[in-house]
Every structure is written in C-alpha cells, then in structure tokens.
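Below is one structure; the comments refer to it alone.
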Amino acid sequence: MNPAGQSPRATPVVLCFLMRETRSGGQEVLLGLKKTGFGVGRIVSLGGHVEPGETPEQAAVREVFEESGVRMAESDLEPAGTIEFVFPAKPEWDMSTVVYRSWNWLGEPSPSSEIDPAWYPAGSIPYPHMWEDSAHWLPRVLDGDYFAAVITLAPDNECVASVVFSST
C-alpha cells in the first residue's frame with residue numbers, strides 16, 4: 001500500500017455521491033445510467049479514474065463536472081471511505097477507490113455522453129440494476145458513515161466473492 005492506502009498495482013479511482021434533502025424531509029442521492037465504458041447499462045455513481053498528477057479530490061470535482069455538468073469545490077467533498085476492488089480473474093481491473101459524499105454544488109445535473117443522471121430516494125436505491133457489490137457498502141455512504149472495505153469479485157468479474165470491512 002502507498003501512503004494514500006492504495007495498492008500499487010490497482011488503478012486509482014474516485015466515486016462521488018451528491019446528496020440532497022427533499023421537501024418532505026427525506027434524502028436523495030444522485031446516481032446515473034452508465035452509457036459508455038466500464039459498467040455500461042448499469043446504474044452507477046459519478047466518478048472515474050484519477051489522472052496522473054491529480055489528487056483524488058481534484059479527480060472527484062472533475063469527474064462530477066464531466067459526467068453531470070455540476071460544479072463543486074474540493075472543500076465540498078466529505079470523505080466517506082475507501083474500497084479496494086480486487087478482480088482475481090482480471091487483475092488489471094483492480095481499483096483502489098476513494099469515496100466521497102457532498103451536500104454542496106452549483107447547477108442542476110444534466111446528461112453527458114457517459115452518464116444519464118437521476119435522483120433516487122435514499123430508501124429506494126435500484127440495487128438490482130447496479131454492480132452487486134453496491135448493496136454491501138452504499139448503505140454506509142447513505143448513513144453518513146466512514147468505512148474501509150476490500151471487495152473481492154468472483155471469477156465472473158461481476159458477483160461478489162467476499163466483502164471485508166475494517167476499522168478505520
């Protein structure tokens with residue numbers, strides 16, 4: 001592991017969950033239908049690769065803007081956790097992920113070439129349309145927790161073989 005807690009061979013990635021209160025007092029989270037690339041056809045969070053020379057915070061701000069047109073500042077990011085995604089059958093897919101939440105941004109989410117964003121009630125997340133692992137850790141993001149997890153995928157590179165949460 002390097003100082004950021006990332007595996008040296010894993011691709012550095014960020015995920016960012018925009019959150020908002022509804023008029024009725026509930027919470028919603030911004031997710032989106034992935035239209036291209038890794039995870040196409042699934043409901044996913046905003047996020048992506050950390051580019052060379054970028055911090056995870058800079059990458060989260062850039063990815064949110066590129067995928068939804070929403071502007072935010074690094075100071076708007078609240079750390080939510082880290083996830084090491086391990087793909088034993090395809091190690092080049094391994095990802096070292098920093099997860100953020102944010103309650104502050106400027107603009108209304110709009111579709112991009114990569115994501116068709118939509119708000120979902122926090123109590124009605126479309127898990128059957130997401131990566132299987134999301135049901136294991138996304139509730140912690142929505143509850144405001146901070147967590148660290150290692151998620152190992154099965155040989156099919158889709159189903160979860162194991163999830164290990166560690167104390168942070």
Side-chain angles (χ1 to χ4, degrees), residues 1-23 25-40 42-86 93-122 125 130-131 133-134 136-151 163 165-168:
M1 298 281 193
N2 65 26
Q6 299 173 330
S7 168
R9 69 182 175 110
T11 301
V13 175
V14 294
L15 299 176
C16 188
F17 294 89
L18 301 186
M19 308 287 298
R20 71 180 184 185
E21 294 285 333
T22 64
R23 289 190 177 129
Q27 292 181 354
E28 290 181 322
V29 60
L30 187 68
L31 301 171
L33 177 64
K34 185 82 158 103
K35 299 192 293 191
T36 62
F38 192 75
V40 68
R42 296 182 193 270
I43 302 294
V44 299
S45 68
L46 302 181
H49 292 85
V50 178
E51 299 294 338
E54 257 184 340
T55 65
E57 294 83 5
Q58 290 168 331
V61 168
R62 177 184 51 75
E63 288 285 351
V64 166
F65 177 72
E66 289 176 358
E67 294 180 350
S68 71
V70 169
R71 294 194 180 276
M72 58 190 316
E74 291 177 43
S75 60
D76 293 329
L77 297 170
E78 175 188 330
T82 61
I83 306 170
E84 295 294 323
F85 289 101
V86 180
W93 286 8
D94 288 0
M95 291 178 274
S96 188
T97 309
V98 179
V99 183
Y100 298 100
R101 251 175 322 261
S102 181
W103 294 87
N104 299 304
W105 62 88
L106 294 173
E108 285 299 317
S110 59
S112 67
S113 61
E114 193 172 351
I115 298 278
D116 190 9
W119 291 102
Y120 292 87
I125 302 299
M130 300 176 77
W131 286 97
D133 60 84
S134 299
H136 294 277
W137 57 267
L138 184 50
R140 291 177 183 228
V141 173
L142 299 175
D143 286 345
D145 294 343
Y146 185 89
F147 66 94
V150 176
I151 297 173
V163 178
F165 288 98
S166 59
S167 57
T168 53

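Below, each value reflects all heavy atoms present in this structure, side chains not excepted, and no hydrogens, waters or symmetry copies. Note that the coordinates shown come from a computational prediction; the quantities given were computed from them, not determined experimentally.
The minimum heavy-atom distance between S134 and P139, with the atom names listed, is O-CD, 3.7 Å. Taking all atoms of both residues into account, the shortest heavy-atom contact from V99 to V141 is CG1-CG2, 3.9 Å. Across C16 and L77, no two heavy atoms sit closer than the pair SG-CD2, 3.7 Å. Contact detail for R140 and F147: the closest heavy-atom pair is CB-CD2, 3.9 Å. Taking both residues in full, the closest heavy atoms of S113 and T36 are given as O-CG2, 3.6 Å, listed atom of the first, atom of the second, then distance. The two residues A122 and L142 come nearest to each other via the heavy atoms O-CD1, 3.7 Å.
Here S68 contributes atom OG and L18 contributes atom CG; the two are 6.0 Å apart, rounded to the nearest 0.5 Å. Rounded to the nearest 0.5 angstrom, Y100 OH and M72 CE are separated by 10.5 Å. Here the straight-line distance linking atom CD1 of I43 with atom CD1 of I125 works out to 10.5 Å at 0.5 Å rounding. Note that CG of D116 is 9.5 Å distant from OG of S110, once rounded to the nearest 0.5 Å. Between the NE2 atom in H49 and the CE atom in M95 there is a gap of 7.5 Å [rounded to 0.5 Å]. Atom-to-atom distance recorded for K35:NZ and I115:CD1 is 8.5 Å, nearest 0.5 angstrom.
Relative ring orientation between W131 and F38 is described as parallel, the plane-to-plane angle staying below 30° on a 0-90° scale split at 30° and 60°.
A heavy-atom distance below 4.5 Å is found between the side chains of Y146 and T82. With a 4.5 Å cut-off on side-chain heavy atoms, E28 and M19 do not count as touching. Between V150 and E84 the shortest side-chain heavy-atom distance falls below 4.5 Å.
At least one cation-pi condition fails for R101 and F17: the charged atom is not both under 6.0 angstrom from the six-membered ring centre and inside a 45 degree cone around its axis.
Heavy atoms of other residues, nucleotides or ligands lying less than 6.0 angstrom from NE2 of H136 number more than 12.
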Subject >> side chain to side chain contact (heavy atoms under 4.5 Å, CB included) between W105 and D76, intermediate numbers included >> reply: CA-CA 7 Å; W105 62 88; D76 293 329; 5.6 Å; no
**OP:** Give the C-alpha distance, both sets of side-chain angles, the deciding distance and a yes or no for side chain to side chain contact (heavy atoms under 4.5 Å, CB included) between W137 and F165.
**Re:** CA-CA 9 Å; W137 57 267; F165 288 98; 4.2 Å; yes
Subject >> side chain to side chain contact (heavy atoms under 4.5 Å, CB included) assessment of E74 paired with V61 >> reply: CA-CA 6 Å; E74 291 177 43; V61 168; 4.0 Å; yes
**OP:** Test side chain to side chain contact (heavy atoms under 4.5 Å, CB included) on E21 and W103 and set out the steps.
**Re:** CA-CA 9 Å; E21 294 285 333; W103 294 87; 3.8 Å; yes
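Side-chain atoms of S96 never come within 3.5 Å of backbone atoms of A10 as a donor-acceptor pair (strictly under, hydrogens ignored). For T22 (side chain) and G26 (main-chain N/O), a donor-acceptor pair under 3.5 Å exists by modelled atom type. Between the side chain of S112 and the backbone N or O of E67 there is at least one donor-acceptor pair closer than 3.5 Å.
Under 4.0 Å is where a charged nitrogen must lie from a carboxylate oxygen, and between R9 and D94 at least one such pair does.
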